[in-house]
Amino acid sequence: MGKLAVGALRAVLLVVLVGTVLVQALMVWTLVSGKDPEDGSLPLTAFRVITILGMVSVQVAVVCVGRLVTMVRRGTVFSHAAFRYVDGVIGAIVATALLWCAVTAVNAPGQRDDPGVTVIMGGIGVAILGVALIVYVLRMLLAQAVARDAEASQLQAELAEVI
C-alpha cells in the first residue's frame, strides 16, 4: 500500500472521526440542555439517541480500520492480531444495522399512509447486514492467508534446518 493511499485514507478517517464526535456532542447538548429547537417529542429524542449510538459504531469502525491500515503499512496484517480489528468492524456494521432497524421501527408509525417507505428502510437494514457478511467473508480470506503464511514460515524453517 503506497504512502499516498495510506495518507489519504488516514486523512479521511480523521475527518470522519472528528465529524462524528462533533455530531455526538451536538446531539448530547441538545438532549441535556433542554434547548430543543423542535418540540422535544419522543420520536425526535429516540432519533437523537440512535444517532449518538450510530456515531459510536462509526467511530469503532474508523478506529479498527485505522489500526488495520497501520498493520498493513508495517507488514503485520497477516497475523492473528488483525482478527480483533476485523471483528470490531463486523460488530460495528451489525450494530449499525440494528440501529437502522430501530430507526425504521420508530419511523414506521408515521408512515401508515405510505408503508413502502418502511419496506424500503427495512431493505436498507438488510443491505447493511449484507455488508457485514461481505466483511466476514473477507475475514475468512484473511484467516486463510494467515494460515498459509504460518505454513510457509514453518516450511522455510524446516528447509533452513536441512540446508
Side-chain angles (χ1 to χ4, degrees), residues 1 4-72 77-78 80-147:
M1 195 169 189
L4 182 62
V6 169
L9 182 56
R10 285 186 177 159
V12 168
L13 292 175
L14 182 64
V15 168
V16 170
L17 191 62
V18 169
T20 57
V21 168
L22 289 175
V23 169
Q24 276 179 320
L26 290 173
M27 291 292 171
V28 168
W29 175 255
T30 301
L31 287 172
V32 173
S33 71
K35 297 179 182 180
D36 189 356
E38 302 292 330
D39 64 353
S41 62
L42 183 61
L44 285 177
T45 301
F47 285 139
R48 287 189 177 110
V49 170
I50 292 168
T51 300
I52 292 167
L53 295 173
M55 294 299 109
V56 171
S57 67
V58 170
Q59 290 164 351
V60 167
V62 165
V63 169
C64 289
V65 169
R67 294 297 302 151
L68 286 168
V69 168
T70 300
M71 293 179 82
V72 167
V77 75
F78 294 114
H80 291 287
F83 291 113
R84 175 178 47 214
Y85 301 116
V86 175
D87 290 342
V89 171
I90 293 169
I93 295 170
V94 170
T96 301
L98 294 174
L99 289 168
W100 184 257
C101 289
V103 167
T104 303
V106 171
N107 189 50
Q111 299 298 327
R112 287 196 173 108
D113 293 337
D114 190 11
V117 172
T118 303
V119 171
I120 290 169
M121 289 177 72
I124 291 170
V126 171
I128 295 169
L129 284 175
V131 172
L133 287 172
I134 290 169
V135 176
Y136 181 74
V137 168
L138 294 174
R139 183 191 187 283
M140 295 297 105
L141 292 172
L142 177 64
Q144 287 179 354
V146 168

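For reference, positions follow the sequence shown, starting with 1.
- Expressed to the nearest 0.5 Å, how far CD1 of I124 lies from SG of C101 amounts to 11.0 Å.
- Qualifying side-chain contact (heavy atoms from CB on, under 4.5 Å) partners for A132, counting only residues two or more places apart in sequence or in other chains: I93, V94.
- Between the side chain of W100 and the main chain of I128, no donor-acceptor pair closer than 3.5 Å is present.
- Proximity of V65 to Y85: side-chain heavy atoms (C-beta onward) are nowhere separated by under 4.5 Å.
- Closest non-hydrogen pair, A92 versus S57, comes out as CB-O, 3.3 Å.
- Of all heavy-atom pairs spanning A108 and T118, the tightest one is CA-OG1, 3.7 Å.
- Atom CD1 of I90 is separated from atom CG of L138 by 8.5 Å, given to the nearest 0.5 angstrom.
- For the pair N107 and V117, the minimum side-chain heavy-atom distance is below 4.5 Å.
- Remark: T104 OG1 to L99 CG distance equals 10.5 Å, nearest 0.5 Å.
- For L4, the CG atom counts as loosely surrounded, since its 6.0 Å shell holds 12 or fewer non-hydrogen atoms of other residues, nucleotides or ligands.
- Annotation: the span from C64 atom SG to L13 atom CG amounts to 11.0 Å, rounded to 0.5 Å.
- To the nearest 0.5 Å, the span separating CE on M55 from OG1 on T96 amounts to 8.5 Å.
- Using a 4.5 Å cut-off on side-chain heavy atoms (C-beta onward), Q59 and V16 make no contact.
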>> side chain to side chain contact (heavy atoms under 4.5 Å, CB included), that's the test. Do R10 and T70 meet it? Break it down for me.
In response: CA-CA 9 Å; R10 285 186 177 159; T70 300; 3.4 Å; yes
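- Between atom CG of residue L31 and atom OG1 of residue T51 there is a gap of 9.5 Å, rounded to the nearest 0.5 Å.
- Y136 is not listed as a side-chain neighbour of V86, based on a closest heavy-atom distance of 4.5 Å or more.
- Side-chain contact between M71 and F78 is absent, with no heavy-atom pair separated by less than 4.5 Å.
- In this structure, I52 and Q24 approach most closely via the heavy-atom pair O-NE2, 3.3 Å.
- Taking all atoms of both residues into account, the shortest heavy-atom contact from T20 to L17 is OG1-O, 2.8 Å.
- Nearest approach of A82 to L68, heavy atoms of both residues: O-CD2, 3.8 Å.
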